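In what follows, chains are A, B, ... by sequence order, proteins preceding strands, each numbered from 1. What you are looking at is a predicted structure, and each value in this text was computed from that prediction instead of being measured.
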Amino acid sequence: MTTFCARRPLPRSFYVGDTVQIARALLGKVLIHETREGPCGGPIVETEAYLRDDPACHAVLRVRGADCWEARMTPRNAPMFEPPGTAYVYRVYTDHLCFNIVTQPEGVPEAVLIRAIEPAVGVDLMRRRRGVESLKALTSGPAKLTQALAIGRSLSGADLRRGPLRVLDAPAVPDQDVVVTTRVGVRLAADKPWRFYIADSPYVSRRVTGPNKIGPLQ
DNA sequence: CTCTGGATTGAC
DNA sequence: TCAATCCAGAGG
């Protein structure tokens, strides 16, 4: 996973289609943040899909008094309704930020959570921001990577094709290198196999071995 | 206004 | 395995 042939930013069309497949296709693509202190980032190694009819999705809320859900815009999830290729950054558990890439045409709230990247660019800068030395601890989790890349909430709503935070094209990761599992830390729709990671990457947040493992993509 | 429950991390 | 520790969203 040291091949680093970054190209142009991914176009909007990349982010339209089946969001689960887009999450899969984002593996290997390169996330780069050009900051004042320098560039930092690397290839994406772990993703999760969140869909418009998925109870775990921030844009899907329980209909009051009924046993069903519906997509609804709120102040927090508004960027999910923006055009494909928009950033959605939100806070969880006090001081942790998570970074998502919005998919689907404007008005359709689906997104891919970027859970881990391989630390390839600006490693020492990221070490300073994280306060740890170990490469494995730099970006191996959704809130770790936002801290390492200095992705703040002001980037929520930003266009990932232009500006300081970009997602660049790179060669596709072959199916035999991809593992599919259920999503981490979600209570609702916990059985959906919508998480993807690169099997042999040391920079994945969490490896699955037990009954949770859905298996490699054939 | 009050109440509930996290798309986490790091220490034990 | 578990606490830290705060806000978004819902309901009164």
Side-chain angles (χ1 to χ4, degrees), chain A residues 15 19-20 22-24 26-27 31 44-82 86-104 109-117 119 126-157 160 179-197 202-210 212 214:
Chain A
Y15 301 113
T19 293
V20 175
I22 294 166
R24 153 71 180 86
L26 275 167
L27 293 177
L31 178 66
I44 294 167
V45 299
E46 179 182 348
T47 61
E48 283 178 359
Y50 288 85
L51 310 187
R52 72 190 85 174
D53 58 351
D54 165 18
C57 177
H58 280 177
V60 177
L61 301 155
R62 196 184 192 99
V63 178
R64 55 157 277 144
D67 187 27
C68 58
W69 292 266
E70 70 180 9
R72 190 157 77 247
M73 193 184 298
T74 66
R76 180 177 65 162
N77 70 29
M80 292 191 72
F81 292 79
E82 295 287 304
T86 297
Y88 168 48
V89 181
Y90 71 91
R91 173 171 28 189
V92 279
Y93 297 110
T94 307
D95 58 344
H96 299 304
L97 296 177
C98 292
F99 165 71
N100 299 253
I101 302 172
V102 173
T103 61
Q104 305 313 321
E110 302 197 346
V112 174
L113 170 68
I114 306 304
R115 287 194 55 89
I117 68 170
M126 295 194 288
R127 280 198 173 104
R128 259 177 278 139
R129 290 189 180 127
R130 289 274 299 125
V132 296
E133 286 295 310
S134 161
L135 268 189
K136 284 197 188 180
L138 276 192
T139 54
S140 55
K144 294 179 188 175
L145 76 87
T146 55
Q147 183 183 28
L149 303 208
I151 297 174
R153 281 204 291 182
S154 61
L155 284 166
S156 199
L160 293 168
V179 176
V180 189
T181 78
T182 53
R183 296 174 293 184
V184 176
V186 300
R187 188 174 60 93
L188 302 167
D191 60 323
K192 302 299 184 188
W194 294 340
R195 170 177 178 242
F196 300 90
Y197 68 82
Y203 308 110
V204 164
S205 71
R206 185 173 177 198
R207 211 163 296 282
V208 215
T209 49
N212 276 344
I214 304 294

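- Taking the side-chain hydrogen bond (donor to acceptor under 3.5 Å, both in side chains) definition, one finds that A:Thr139 meets it with nothing, sequence neighbours left out.
- The two residues A:Val204 and A:Ser140 make their nearest non-hydrogen contact at O-CB, 3.9 Å.
- For residues 88-100 of chain A, no pair satisfies salt bridge (Lys or Arg N to Asp or Glu O under 4.0 Å), with sequence neighbours left out.
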I'd like a table of atom pairs between the protein and nucleotides 1-3 of chain B - only N or O on both sides, under 3.5 Å - with the distance next to each one.
none

All N/O pairs under 3.5 Å across the protein-nucleotides 9-12 of chain C interface:
from: C:dG9; atom 1: OP1; to: A:Thr74; atom 2: OG1; distance (Å): 2.2
from: C:dA10; atom 1: OP1; to: A:Arg72; atom 2: NH2; distance (Å): 2.8

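- By the salt bridge (Lys or Arg N to Asp or Glu O under 4.0 Å) test, A:Arg130 is found to be paired with no residue, residues two or more places apart in sequence or in another chain being considered.
- Using a 4.0 Å heavy-atom cutoff across all strands shown, A:Arg195 reaches no nucleic acid atom at all.
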(message) Dot-bracket, 5' to 3', for DNA chain C please: Watson-Crick or G-U pairs under 3.5 Å, [ ] where pairs cross earlier ones, | where the partner sits on another strand, dots elsewhere.
(response) ||||.||||||.

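- For A:Tyr50, the side-chain hydrogen bond (donor to acceptor under 3.5 Å, both in side chains) partners are A:Glu48, not counting sequence neighbours.
- Residues satisfying the side-chain hydrogen bond (donor to acceptor under 3.5 Å, both in side chains) test with A:Arg153, not counting sequence neighbours, are none.
- Listed in residue order, the members of residues 142-155 of chain A having a heavy atom less than 4.0 Å from DNA chain B are A:Pro142, A:Ala143, A:Lys144.
- The stretch residues 183-194 of chain A touches DNA chain B through A:Val184, A:Gly185, A:Val186, A:Arg187, each having a heavy atom within less than 4.0 Å of the strand.
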Identify all side-chain donor-acceptor contacts of residues 69-79 of chain A below 3.5 Å with residues at least two apart in sequence or on another chain.
from: A:Glu70; atom 1: OE2; to: A:Arg72; atom 2: NH1; distance (Å): 3.0
from: A:Thr74; atom 1: OG1; to: A:Asn77; atom 2: N; distance (Å): 3.4
from: A:Thr74; atom 1: OG1; to: A:Asn77; atom 2: ND2; distance (Å): 3.2
from: A:Asn77; atom 1: OD1; to: A:Thr74; atom 2: N; distance (Å): 2.8
from: A:Asn77; atom 1: ND2; to: A:His58; atom 2: O; distance (Å): 3.2
from: A:Asn77; atom 1: ND2; to: A:Arg72; atom 2: O; distance (Å): 2.9

(request) Let me have a per-nucleotide readout for nucleotides 1-6 of chain C, 5' to 3', with B, S or -, counting only protein heavy atoms under 4.0 Å. (result) ----BS

